[in-house]
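Accompanying notes for the structure given below.
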Protein chains: 2
Amino acid sequence: MTTTRPTRSDALRNRDAILDAALECLAVDPNASMADIAKAAGVGRVTVYGHFSSREQLLESVLVRTIDRSEAELAELDLEGDPLAALDRLVRRSWRIVDTFHRLLGAAEESLSNDRIIAHHAEPMARVRALIERGQREGVMRRDLSAEWLTSCFTALLHAAAGELRAGRLAEADADQVVAATVVSLLTARVA
Amino acid sequence: MTTTRPTRSDALRNRDAILDAALECLAVDPNASMADIAKAAGVGRVTVYGHFSSREQLLESVLVRTIDRSEAELAELDLEGDPLAALDRLVRRSWRIVDTFHRLLGAAEESLSNDRIIAHHAEPMARVRALIERGQREGVMRRDLSAEWLTSCFTALLHAAAGELRAGRLAEADADQVVAATVVSLLTARVA
DNA sequence: AATAACCCGTACACCAGTGTTCGAGATCGG
DNA sequence: CCGATCTCGAACACTGGTGTACGGGTTATT
């Protein structure tokens with residue numbers, strides 16, 4: 001009884017399938033039920049509760065996994081050097097994941113006690129804002145609007161792009177280029 | 001029995017109070033319950049059902065009233081002449097109401113059978129898009145991005161402004177100026 | 001002042017989602 | 001192949017929201 005068997009492989013596979021399904025379902029409909037998620041994962045509803053004790057904990061697990069992935073994705077990103085080039089890299093690399101994370105957060109909204117999640121929501125935004133402030137100081141980004149507001153515009157445009165992509169009004173191939181061009185041009189615009 | 005009394009005045013007042021409360025509640029929380037709305041209106045829950053046979057119909061009534069108000073607000077607006085000046089006028093006049101309407105729509109989402117609502121959702125967007133296309137033709141607005149995408153950016157920025165205002169990160173006094181400047185500069189930006 | 005219209009609270013039936021329990025059966029791992 | 005682990009469906013209690021019914025009390029209108 002001192003030694004315990006390792007978790008069975010099919011259980012691990014199911015756990016992953018549930019997380020995948022949850023991510024997909026919640027991105028479409030923030031109120032997707034446990035039954036919906038279970039069905040999408042090809043698993044019985046009870047099995048879901050076998051892996052996650054509650055809806056809230058499932059949400060949290062999905063969020064944590066998404067955070068981990070996004071950190072891995074962004075870790076290697078270099079934000080030094082020319083602020084505009086850095087912004088371009090940042091946008092292209094992060095706009096999709098930022099949007100899915102945002103949608104997940106919207107789904108969680110009324111629960112959310114995990115500090116790590118809250119922290120890792122604010123942190124990337126702070127990074128963007130710092131980059132914008134640097135761009136302003138170095139004179140390559142506009143100063144007539146506050147860095148705070150410009151940061152908000154930044155995210156708004158990312159989400160708009162993701163929405164247009166989902167709606168099929170923006171072609172997959174163009175998306176990166178379009179969103180980057182839009183954001184950069186907004187931040188460098190000179191008032192007439 | 002042929003002549004019927006006119007609706008009592010207090011009933012009309014209550015009906016209005018309910019619509020006001022619904023608008024306010026749903027703007028904050030799209031899932032606000034009938035009980036929440038009734039309480040906010042200072043009225044019993046049953047009274048609400050006396051005026052609106054179902055939640056869905058209440059939603060619809062709120063939407064219709066909002067549409068009427070926004071039409072009245074925008075009717076006198078002149079979109080002719082210099083496209084940039086017209087855009088500036090349009091933004092300043094409409095961004096608040098566009099946002100509340102959008103939030104109401106989000107609350108309704110799963111119901112919505114009324115054609116008039118759907119129509120009056122698409123129509124203002126079409127007007128914006130037409131204005132942008134004219135601006136592009138006349139050479140005062142950028143052509144490197146599609147009018148469709150720029151329209152989407154337009155709305156995204158309006159909603160961002162409304163959100164920042166709600167969050168207290170944007171001062172009431174600055175808001176009009178900021179959102180107009182942002183939108184206009186994005187649409188007139190020249191690619192480097 | 002009379003009366004119809006309205007408000008209110010309580011109570012109820014109903015539905016959908018959550019989370020739990022149970023036992024039978026499938027499946028992985030040693 | 002044996003056993004522990006996992007899955008599954010059905011059933012259940014519980015919660016919160018919706019919509020309805022009723023009866024006593026209030027208020028506007030005539």
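Between the CZ atom of F52(A) and the C1' atom of dT18(C) there is a distance of 16 Å, rounded to whole Å. Protein atom CD of E56(A) is 9 Å distant from nucleotide atom P of dG19(C), rounded to whole Å. Here dA16(C) presents its C1' atom at 14 Å from NZ of K39(A), a figure rounded to the nearest Å. Spacing between atom CZ of R55(B) and atom C1' of dG16(D) amounts to 13 Å, rounded to whole angstrom units. Per the geometry, CG belonging to D36(A) stands 10 Å off C1' belonging to dG17(C), to the nearest Å. Atom CD of Q57(A) is separated from atom P of dT18(C) by 15 Å (rounded to the nearest Å). A straight line from CG of N31(A) to P of dG16(D) spans 17 Å, rounded to a whole angstrom. Distance I18(A) CD1 to dC6(D) C1': 12 Å, rounded to the nearest Å.
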Original post:
How far apart are the C-alpha atoms of D82(A) and R89(A), what are their side-chain angles, what is the distance that settles it, and do they pass the salt bridge (Lys or Arg N to Asp or Glu O under 4.0 Å) test?
Top reply: CA-CA 11 Å; D82(A) 175 25; R89(A) 287 194 297 273; over 6 Å; no
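For dC6(C), neither phosphate oxygen OP1 nor OP2 lies less than 4.0 angstrom from any side-chain nitrogen or oxygen of H51(B). For R8(B), no side-chain nitrogen or oxygen approaches OP1 or OP2 of dC6(C) to under 4.0 Å. Side-chain nitrogen and oxygen atoms of R5(A) include none within less than 4.0 Å of the OP1 or OP2 phosphate oxygen of dG29(C). For the OP1/OP2 pair of dC6(D) and a distance below 4.0 Å, the side-chain nitrogens and oxygens of N14(A) include no atom meeting the criterion. When the side-chain nitrogen and oxygen atoms of S9(A) are compared with OP1 and OP2 of dC28(C), none of them lie within a distance under 4.0 Å.
The pair R129(B)-E133(B) meets the salt-bridge criterion, since a charged nitrogen lies less than 4.0 angstrom from a carboxylate oxygen. A salt bridge between E73(B) and R69(B) is absent, with no side-chain N of the basic residue lying under 4.0 Å from a carboxylate O of the acidic one. Comment: R127(A) does not engage E71(A) in a salt bridge, judged by the lack of any side-chain N to carboxylate O separation of less than 4.0 angstrom.
Among dT20(D), dT18(C), dT7(D), the nucleotide with an atom closest to any side-chain atom of M34(A) is dT18(C). Checked against dG17(C), dT7(D), dT20(C), the side chain of S33(A) finds its nearest nucleotide in dG17(C). Closest contact between the side chain of T47(B) and the listed nucleotides dC8(C), dT18(D), dG19(C) involves dC8(C). Of the candidates dG19(D), dA28(D), dT30(D), dG19(D) carries the atom nearest the S54(B) side chain, counting heavy atoms from C-beta on. When distances are taken from the side chain of V43(B) to each of dC8(C), dC28(C), dT20(C), the shortest belongs to dC8(C). Closest contact between the side chain of V46(A) and the listed nucleotides dC22(D), dA28(D), dG9(D) involves dG9(D).
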Just the atom pairs and distances: protein N or O near nucleotides 12-15 of chain D's N or O, under 3.5 Å.
none

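Between M141(A) and L87(A) there is a side-chain heavy-atom pair separated by less than 4.5 Å. Using a 4.5 Å cut-off on side-chain heavy atoms (C-beta onward), P124(B) and V98(B) make no contact. Contact annotation: the side chain of L58(B) approaches that of L19(B) to within less than 4.5 Å [non-hydrogen atoms, C-beta and beyond].
Position along DNA chain D of the nearest nucleotide to R13(B) versus Y49(B) favours Y49(B) as the more 5'-ward residue.
Donor-acceptor pairing under 3.5 Å is lacking for the side chains of T7(B) and R15(B).
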